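Here the structure is laid out as structure tokens; the discussion comes afterwards.
Numbered from 1 within each chain, the chains take letters A, B, ... in sequence-line order. From a predicted model like this one, the values you see are computed outputs, not experimental measurements.
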Number of protein chains: 2
Amino acid sequence: MAGRLQAEIKQKKPFRTLEQEAFLNLLRTTDALLRGQAKVLKSVGLSHPQYNVLRILRGAGPHGLACREVCERLITRDPDVTRLLDRLEARGLIARERNRKDRRVVMVRITEGGLRLLRRLDAPIVHLHTQHLGHLGTKRLQALVELLELAREKTA
Amino acid sequence: MAGRLQAEIKQKKPFRTLEQEAFLNLLRTTDALLRGQAKVLKSVGLSHPQYNVLRILRGAGPHGLACREVCERLITRDPDVTRLLDRLEARGLIARERNRKDRRVVMVRITEGGLRLLRRLDAPIVHLHTQHLGHLGTKRLQALVELLELAREKTA
DNA sequence: AGAATATATTCGTTTCAACGATAAATGTCA
DNA sequence: TGACATTTATCGTTGAAACGAATATATTCT
């Protein structure tokens, strides 16, 4: 019995700080939400990074963004973004074009097909998030958003 | 000018619900924290899933866990966990052994080397989380944890 | 004009994640 | 008991992501 107890104590040796507890909760929650979203995305053959790029490009408007800017928003290295765009371009969801003013930069924009695909996803995605987070209610959601924004201030 | 305005309006067409706003904030925050942790883990050549397995096994005590249980905790498919364990075993961080009672199951436990590695990481990880989340203070962190636990209730 | 810089791409490798199929041990039931 | 199903873990394959180094092209600086 003494050995048993000791073993149990041993397990708890690495105390969890409140910060760690919060971190773990963030991880679990985000992970669960992402899994749900992944199912929706899989129905149209999109990965998370791919979906993110399309969302960014839709928000960027018809002129598109420089590849460099996409990298910065995704916080992803240039080579990886290039290949990400390759796949989306191969499916006709985005288009690339050299910038005439500065021929080093490649402008990326979402195509009509890309917009159509996103529109098809909009309702299911909103529905999913409402289903998963709606029960918190307006007040708590606002509090959550505030806390998260505050958290990120020291995160950069 | 009218065209300009119209373009701006177009961008905002896909309204963001409060739930989506919360989701995006969760994503950004967790992502930022994970990137920070990844740097620490990289210093010892561990990936996130690998670190998670080690943490789980340390918490499981000296008897270890059945491979199946590891799968369930990680929410990862059996084949992938097998290979994840392969890599950790190759580095001597975990050990596998057939269960005598039920020879189908493989018991996985963390080794001394694995424990040593985790201990080396404990301080930097705690420091990192304190650095990134400590400024919220006890009250806000507790509120955050509560909100996240509440959020996950509808997430399974 | 020549050197340094910026932008994007190509190449190579490791890991993760999803899928199907298989091997071995155990459980079920006619 | 023997045929059949179930559980557990592994193997094979594929696609994608992430990290690093190197390259090509265009621009900027001196």
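Here the options are A:Thr30, A:Asp31, A:Thr29, the test is side chain to side chain donor-acceptor pair (under 3.5 Å), and the partner is B:Thr30; only A:Thr30 passes.
Residue A:Asp31 contributes atom CG, which lies 14 Å from atom P of C:dC16 at whole-angstrom precision. The interatomic distance linking B:Leu88 (CG) with C:dT14 (C1') rounds to 14 Å, in whole Å. In this entry the distance linking CE of B:Met107 with P of D:dT8 reads 13 Å, nearest Å. B:Asp86 places its CG atom 11 Å from the P atom of C:dC16, with the value rounded to the nearest Å. Here the P atom of nucleotide C:dC16 and the CG atom of B:Leu41 are 11 Å apart, to the nearest Å. At whole-Å resolution of the value, CD in B:Glu69 and P in D:dT7 are 16 Å apart. Remark: C1' of D:dC19 and CG of B:Leu46 are 16 Å apart, rounded to the nearest angstrom. Distance CG (A:Leu85) to P (C:dT10): 12 Å, rounded to an integer number of Å.
No donor-acceptor contact under 3.5 angstrom links the side chains of B:Asn52 and B:Arg73, judged on distance only. No hydrogens or angles considered: a donor-acceptor pair under 3.5 Å links the side chains of A:Gln37 and A:His129.
Two end axes, each from the C1' atoms of five base pairs, can be drawn for the helix from C:dA1-D:dT30 to C:dA30-D:dT1; they diverge by 10°, to 10 degrees.
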Q: Before giving the answer on side chain to side chain contact (heavy atoms under 4.5 Å, CB included), spell out for A:Ile56 and A:Ile110 the whole-Å C-alpha distance, their side-chain angles and the decisive distance to 0.1 Å.
A: CA-CA 9 Å; A:Ile56 287 174; A:Ile110 192 169; over 6 Å; no
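Taking the nucleotide of DNA chain C with the nearest heavy atom to each of A:Cys71 and A:Ala38, the more 5' of the two is matched to A:Cys71. Take the nearest nucleotide of DNA chain D for B:Arg68 and for A:Gln50: the residue whose nucleotide is more 5' is B:Arg68.
Proximity of residues 99-106 of chain B to DNA chain C (heavy atom under 4.0 angstrom from any strand atom) is restricted to B:Lys101, B:Asp102, B:Arg103, B:Arg104. Of all the residues in residues 74-84 of chain A, A:Asp78, A:Pro79, A:Thr82, A:Arg83 reach under 4.0 Å from DNA chain C with at least one non-hydrogen atom.
For the pair B:Ser47 and C:dT14, the criterion of a side-chain N or O lying under 4.0 Å from OP1 or OP2 is not met. The side chain of B:Lys42 places an N or O atom within less than 4.0 Å of a non-bridging phosphate oxygen (OP1 or OP2) of D:dG20.
Here the side chain of A:Arg98 pairs a donor or acceptor atom with the backbone of A:Arg104 at under 3.5 angstrom. At least one donor-acceptor pair closer than 3.5 Å links the side chain of B:Thr111 to the backbone N or O of B:Gly92. At least one donor-acceptor pair under 3.5 Å links the side chain of B:His135 to the backbone N or O of A:Leu150. In this structure, A:Arg28 contributes its side chain and B:Arg152 its backbone to no donor-acceptor pair below 3.5 Å.
Considering all non-hydrogen atoms of both residues, B:Val145 and A:Ala22 come closest at CG2-CA, 3.7 Å.
Counting non-hydrogen atoms of other residues, nucleotides and ligands closer than 6.0 Å to NE2 of B:His127 gives a total of 12 or fewer. Counting heavy atoms of neighbouring residues, nucleotides and ligands inside a 6.0 Å radius, atom CD of A:Glu146 does not exceed 12 of them. Atom CZ of A:Arg35 has more than 12 neighbouring heavy atoms from other residues, nucleotides or ligands inside a 6.0 Å radius.
A:Arg96 comes within contact range of the sugar-phosphate backbone alone, with a heavy-atom separation under 4.0 Å but no base atom that close.
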